[in-house]
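Reviewing the structure listed below.
Computed from a predicted model, the values in this text were never measured in an experiment. Hydrogens, waters and symmetry mates play no part in the numbers below; they use all other heavy atoms, side chains included. So you know, we letter chains A, B, ... as the sequences are listed, proteins then strands, and number each from 1.
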2 protein chains.
Amino acid sequence: MSEVVPSGARPQRADARENVRQILRAARAVFADRGYEVSIEEVARRSGLGMGTIYRHFPNKRALVEEVAIGHMRETSEVLARALADEPDAWSAFTRVMRHMAEVRSSQMFPVSRRRTTESGPALVAARDALLSDLDGLMDRAQREGSLRADVNAYDVVLMMVSLPPRIADDGAGGGLSVDLTGRQLSVLLDGLRAPGAEQLPGSAATRPDLDEFFRTRFGI
Amino acid sequence: MSEVVPSGARPQRADARENVRQILRAARAVFADRGYEVSIEEVARRSGLGMGTIYRHFPNKRALVEEVAIGHMRETSEVLARALADEPDAWSAFTRVMRHMAEVRSSQMFPVSRRRTTESGPALVAARDALLSDLDGLMDRAQREGSLRADVNAYDVVLMMVSLPPRIADDGAGGGLSVDLTGRQLSVLLDGLRAPGAEQLPGSAATRPDLDEFFRTRFGI
DNA sequence: GCAGTACCGGAAAATGAATTTCCGGTTAGT
DNA sequence: ACTAACCGGAAATTCATTTTCCGGTACTGC
């Protein structure tokens, strides 16, 4: 994952490999629940490992976030493909993908290149572009079949997914919310995305630069 | 505003009074544009005054935020009353209020009492409760007239307004987004809130404790 | 005008919360 | 049993903010 074993050296120990898996699993869960700004300590706590262990496997927080993001995006692309194959119509496929994105909060993990810092790695860029293009294709279909309103595009939708509230907004101490905010808001959004849409959307649709800019400033990534 | 002039003392100087007005104006604008977490320095820059001046008039940041929040909520209550009087039906009044809330981002300024810190001042509590109750009444009407879906309540709606993206998500340097994210997302939400609603909303509606908890953890206030 | 107080600006100190380092103590694997 | 890998988590560092402080400025009443 980030650790290329030099050809002459000893192989990575089995427990270490397992720990990397645990870290990624914990990171996914924590990011989905509370947003990607949670501290590494939080991830460590959830994974049952120490912070030192995380830094042994990832050079810094950003690298961990990237890794998780790549996983999310690839997975979402797979869900999309499967939905297209399974579902009877484009609208059903679309809602299925949206629900998945909300579930894993994958759009929040949609890093794009930062202004004056490290570029996103090529794997991330590739996964991101692939997903965007797939989503665009799906939405095209849905719009042609007349189920998705015509005045939105993939960038709009991704940006909407991003601003869904995290699953749990608590501080770890409290019990969190009893209401499924994310789910309720997503459902309302989906109803609002149904064609034809009574409201006239203001301005023009979002663009790629808008998406990039938003993520750059919101996630610094 | 936070400075009670002791009865024997000199009255506040005219320029100082004007400065307080400037500060509140700048704070409102900046909070609406970029979210309430912006630094005091940002507010100072926008107001054309120094940070010291802000601290001369408000004991701390929290006090400034409260003051702005109270203003927003009172104003929103007024807009609501006016909308009720002017508009032909409850739905029009409802959308008008929603647009106003999105505009000033008043819901983001909906502070409620924090767990183990200073309570919100009584003026804030009163303004908050009044607005919530007014909104509840309006939504009741809209639901009875059959225009607003039946499975949402005022807490749900406020929580949705909260998670609208800020008007501008930039860092001050960049040009910001060219798209009106807030407006587009609000419109989609409004379409989704129209009765009857095709999607079944998951779980049950939000409650007052949910609202309180959300604000406590999100705004620490 | 002048005195005198209120006021202002913004550099600097205090805070706070996070990331990242470091190293003594463990453990897997041969 | 030996050793390189590995782990935990306290401590150091970093970074962005809030908040203080005080020399200098400018209202205001006389």
Side-chain angles (χ1 to χ4, degrees), chain A residues 1-6 8-23 26-27 30-31 34-66 114 116-118 171-173 217 219-221, chain B residues 1-6 8-23 26-27 30-31 34-66 114 116-118 171-173 217 219-221:
Chain A
M1 269 343 29
S2 94
E3 252 189 346
V4 181
V5 182
R10 277 200 179 185
Q12 186 183 43
R13 257 166 51 176
D15 55 338
R17 201 163 340 109
E18 174 57 22
N19 281 341
V20 172
R21 229 173 276 132
Q22 287 303 321
I23 291 166
V30 173
F31 291 163
R34 330 244 314 245
Y36 98 110
E37 315 86 340
V38 294
S39 66
I40 288 292
E41 189 171 6
E42 199 69 26
V43 177
R45 184 161 26 237
R46 183 91 144 227
S47 69
L49 300 168
M51 296 199 308
T53 307
I54 294 181
Y55 276 92
R56 156 165 288 273
H57 295 294
F58 298 89
N60 50 48
K61 187 181 181 181
R62 184 192 159 83
L64 175 59
V65 170
E66 265 208 28
R114 187 179 211 155
R116 51 173 129 261
T117 320
T118 332
D171 52 5
T217 55
F219 304 125
I221 221 173
Chain B
M1 280 313 58
S2 94
E3 253 190 346
V4 181
V5 183
R10 278 200 178 186
Q12 187 184 43
R13 255 166 52 178
D15 56 339
R17 199 159 346 107
E18 174 57 22
N19 281 341
V20 171
R21 228 173 277 132
Q22 287 301 322
I23 291 166
V30 173
F31 291 162
R34 329 244 316 245
Y36 99 110
E37 314 87 339
V38 294
S39 65
I40 288 292
E41 187 171 8
E42 199 69 26
V43 177
R45 185 162 27 239
R46 183 91 144 227
S47 69
L49 300 168
M51 296 199 305
T53 307
I54 294 182
Y55 276 92
R56 154 165 288 272
H57 293 293
F58 297 89
N60 50 46
K61 188 182 181 181
R62 183 193 161 83
L64 176 59
V65 170
E66 265 207 27
R114 185 180 212 154
R116 51 172 129 261
T117 320
T118 331
D171 53 5
T217 56
F219 303 124
I221 220 174

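For the pair A:M51 CE and D:dA12 C1', the interatomic distance rounds to 11 Å; values are reported in whole Å. Taking atom CD of B:E37 as the reference point, atom P of D:dT18 lies 11 Å away to the nearest angstrom. Whole-Å rounding puts the A:E42 CD to C:dA18 P distance at 9 Å. In this entry the distance linking CD of B:E18 with P of D:dT28 reads 12 Å, nearest Å. We find that CG of A:D15 is positioned 9 Å from C1' of D:dC7, with the value rounded to whole Å. Atom pair A:E41:CD and D:dA11:C1' shows a separation of 13 Å (rounding to whole Å applied). Separating the CD1 atom of B:I23 from the P atom of C:dG9 is a distance of 9 Å, rounded to the nearest angstrom. Whole-Å rounding puts the A:Y55 OH to D:dA12 P distance at 18 Å.
To the nearest 0.5 Å, atom CD of residue A:Q12 and atom CD of residue A:E18 are 11.0 Å apart. For the atom pair CZ of A:R45 and CE of A:M51, the computed distance is 10.0 Å after rounding to the nearest 0.5 Å. Between the NZ atom of B:K61 and the CD atom of B:E37 there is a distance of 7.5 Å, given to the nearest 0.5 Å.
The residues B:R62 and B:E66 are annotated as salt-bridged, a charged nitrogen and a carboxylate oxygen being separated by less than 4.0 angstrom.
Look at A:H57 and you'll find a side-chain N or O under 4.0 angstrom from OP1 or OP2 of D:dC7. OP1 or OP2 of C:dC7 has at least one side-chain nitrogen or oxygen of B:R56 nearer than 4.0 Å. Neither OP1 nor OP2 of D:dT17 sits under 4.0 Å from any side-chain N or O of B:S39.
Using a 4.5 Å cut-off on side-chain heavy atoms (C-beta onward), B:V65 and B:F31 make contact.
Two residues, A:G48 and B:I40, neighbour DNA chain D, and the one matched to the more 5' nucleotide by heavy-atom proximity is A:G48. Comparing A:L49 and B:N60 against DNA chain D, the residue whose closest nucleotide sits nearer the 5' end is A:L49.
Minimum atom distance to the side chain of A:R13 is reached by C:dG29, of the listed D:dT18, C:dG29, C:dC7. In the set C:dT20, D:dC7, C:dC7, C:dT20 carries the atom at the smallest distance from any side-chain atom of A:K61. Closest to the side chain of B:Q12, from the set D:dC6, C:dC7, D:dC7, is C:dC7.
As judged by a 4.0 angstrom heavy-atom cut-off over every strand, A:A44 is placed among residues making no nucleic acid contact.
Note on the helix from C:dG1-D:dC30 to C:dT30-D:dA1: angle between the axes of the first and last five pairs equals 20°, rounded to 10 degrees.
Under the side-chain contact (heavy atoms from CB on, under 4.5 Å) test applied with A:I54, the options A:I23, A:L49, A:N60 reduce to a single match, A:I23.
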*Just do the side chain to side chain contact (heavy atoms under 4.5 Å, CB included) check on B:Y55 and B:I40 with the steps written out, would you?*
CA-CA 9 Å; B:Y55 276 92; B:I40 288 292; 3.8 Å; yes

